[in-house]
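The block underneath contains the structure these notes are about, expressed in structure tokens.
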Amino acid sequence: RGREARGRTPHRRELPRGDLPREGEGRDPAPAVLGALTCDGEVTVPCDARQIGFWLKALLGEPTTTGTTNFTHSFQSGGANIPSLSLQAISKSYGNLRANDKIDLDIEPGSIHAVLGENGAGKSTLMKLIFGLLQPDEGRIFLDGKEVRWESPEHARAAGIAMVFQHFALFESLSVAENVWLGMGKSWSLGAVAEALQELTQHYGLSVDPNAYVHRLSVGERQRVEIARGLLAKPRVMILDEPTSVLSPQAAQALFAMI
């Protein structure tokens, strides 16, 4: 992270929208998913085609052969929906180092986006700007067509932005339900949280046991707890920062299936 702001521009790939709930089904709209991924920057190209292909094959069901530095392509999702989240000319500097340089990004409901780049490209900085951990030097952020400016992550969460960090924030001596309960509003009881986690397990295939103690969980299971905590807030946008960096290939495939 110390090399986060070396002025490199993240590469972006837009993936096609998934199936959205139909009107009248009584389900909440699917949140958009935004993932920040580090590619192997120590080889001949900034983004290793094998790592890009691993993501795309899992998400699209097809391989890719591209490995160039200009890795940008858009799949048309159709429709004239207002983006859930829109960034316009977002810039952020640390002293003389330019981490993000006039970033434009539109995220439609139910879509999946992967922001790809090597270490120091500015991916996590961009995610933190969206989540309110940092403030942009320039540019504008829109949520559902309305301009917003987060003063803190609390404001971003209240507006419908959820984020799962690379390093999890869980108390190992507490159960899954107790960990999730700590981040919920006062109107939630522990029993209601446990019941909601069971419903999420059925709906998204998270396989989270509310009564399990965190110190007994694998890394992949702990990540699912963090994702479940974010989903309980019914977010408009879910951010996953480096979601596969700590996972085994099997756990990564399980994550892709859940997404």
Side-chain angles (χ1 to χ4, degrees), residues 9-37 55-56 59-60 71-92 99-117 122-164 185 200 203-204 227-241 243 256 258-259:
T9 302
H11 305 288
R12 179 163 67 92
R13 174 98 185 204
E14 295 181 12
L15 303 176
R17 324 174 51 165
D19 294 329
L20 296 177
R22 297 180 182 275
E23 293 184 5
E25 286 187 350
R27 294 167 52 190
D28 295 313
V33 178
L34 180 62
L37 310 160
W55 259 85
L56 295 183
L59 291 170
L60 298 177
F71 183 64
T72 56
H73 180 76
S74 296
F75 288 89
Q76 299 299 321
S77 59
N81 294 335
I82 296 175
S84 293
L85 180 73
S86 181
L87 309 182
Q88 295 183 6
I90 292 294
S91 297
K92 180 66 177 179
N100 294 150
D101 189 13
K102 300 187 184 303
I103 300 295
D104 294 323
L105 176 65
D106 288 335
I107 299 175
E108 293 187 5
S111 62
I112 301 171
H113 297 253
V115 179
L116 303 171
K123 305 178 303 298
S124 289
T125 292
L126 186 63
M127 301 304 110
K128 291 175 182 177
L129 290 170
I130 296 172
F131 191 56
L133 281 168
L134 298 173
Q135 301 299 321
D137 299 329
E138 303 171 12
R140 306 166 74 188
I141 299 177
F142 295 85
L143 188 68
D144 294 327
K146 298 180 180 180
E147 186 171 3
V148 295
R149 187 173 182 87
W150 315 130
E151 299 297 332
S152 69
E154 182 180 2
H155 293 157
R157 282 194 296 265
I161 307 294
M163 184 167 179
V164 176
L200 281 177
H203 187 74
Y204 290 103
I227 292 174
R229 177 157 54 187
L231 287 174
L232 281 183
K234 298 182 179 180
R236 301 287 292 122
V237 178
M238 170 74 79
I239 301 172
L240 307 178
D241 188 26
F256 297 145
M258 185 277 297
I259 292 175

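Between Thr125 and Asn100, the side chains place no donor N or O within less than 3.5 Å of an acceptor N or O (distance only, hydrogens not considered).
Formation of a donor-acceptor pair under 3.5 Å by the Lys123 side chain with backbone atoms of Gly117 is found in this model. Put simply, the side chain of Ser111 gets close to the backbone of Glu108: a donor and an acceptor are under 3.5 Å apart. Judged by distance alone, the side chain of Trp150 and the main-chain N or O of Leu133 form no donor-acceptor pair under 3.5 Å.
The CD1 atom of Ile239 lies 12.0 Å from the NZ atom of Lys128; values are rounded to the nearest 0.5 Å. One distance of note links CG of Leu143 with CZ of Arg236; it measures 7.0 Å at 0.5 Å rounding. One finds the CD atom of Glu138 at 4.5 Å from the NZ atom of Lys102 (value rounded to the nearest 0.5 Å). One finds the OG atom of Ser84 at 8.0 Å from the CD1 atom of Ile107 (value rounded to the nearest 0.5 Å). Interatomic distance, CG of Leu129 versus CD1 of Ile141, reported as 6.5 Å (0.5 Å rounding). With values rounded to the nearest 0.5 angstrom, Leu87 atom CG is found 6.0 Å from Leu126 atom CG.
The nearest pair of heavy atoms linking Asp241 to Ser124 is OD1-OG, 3.1 Å. Here the shortest heavy-atom pairing between His113 and Asp106 reads CE1-O, 3.3 Å.
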Checklist entry - What's the verdict on side-chain contact (heavy atoms from CB on, under 4.5 Å) for Leu231 and His203, showing C-alpha distance, side-chain angles and the deciding distance? => result CA-CA 11 Å; Leu231 287 174; His203 187 74; over 6 Å; no

Next on the checklist: Using side-chain contact (heavy atoms from CB on, under 4.5 Å), reason through Ile227 and Leu200 one step at a time and then give a plain yes or no.
Outcome noted: CA-CA 10 Å; Ile227 292 174; Leu200 281 177; over 6 Å; no

Next on the checklist: side-chain contact (heavy atoms from CB on, under 4.5 Å) for Ser86 and Leu105? Distances and angles first, verdict last.
Outcome noted: CA-CA 6 Å; Ser86 181; Leu105 176 65; over 6 Å; no

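Heavy atoms of other residues, nucleotides or ligands lying less than 6.0 angstrom from CD of Glu147 number more than 12.
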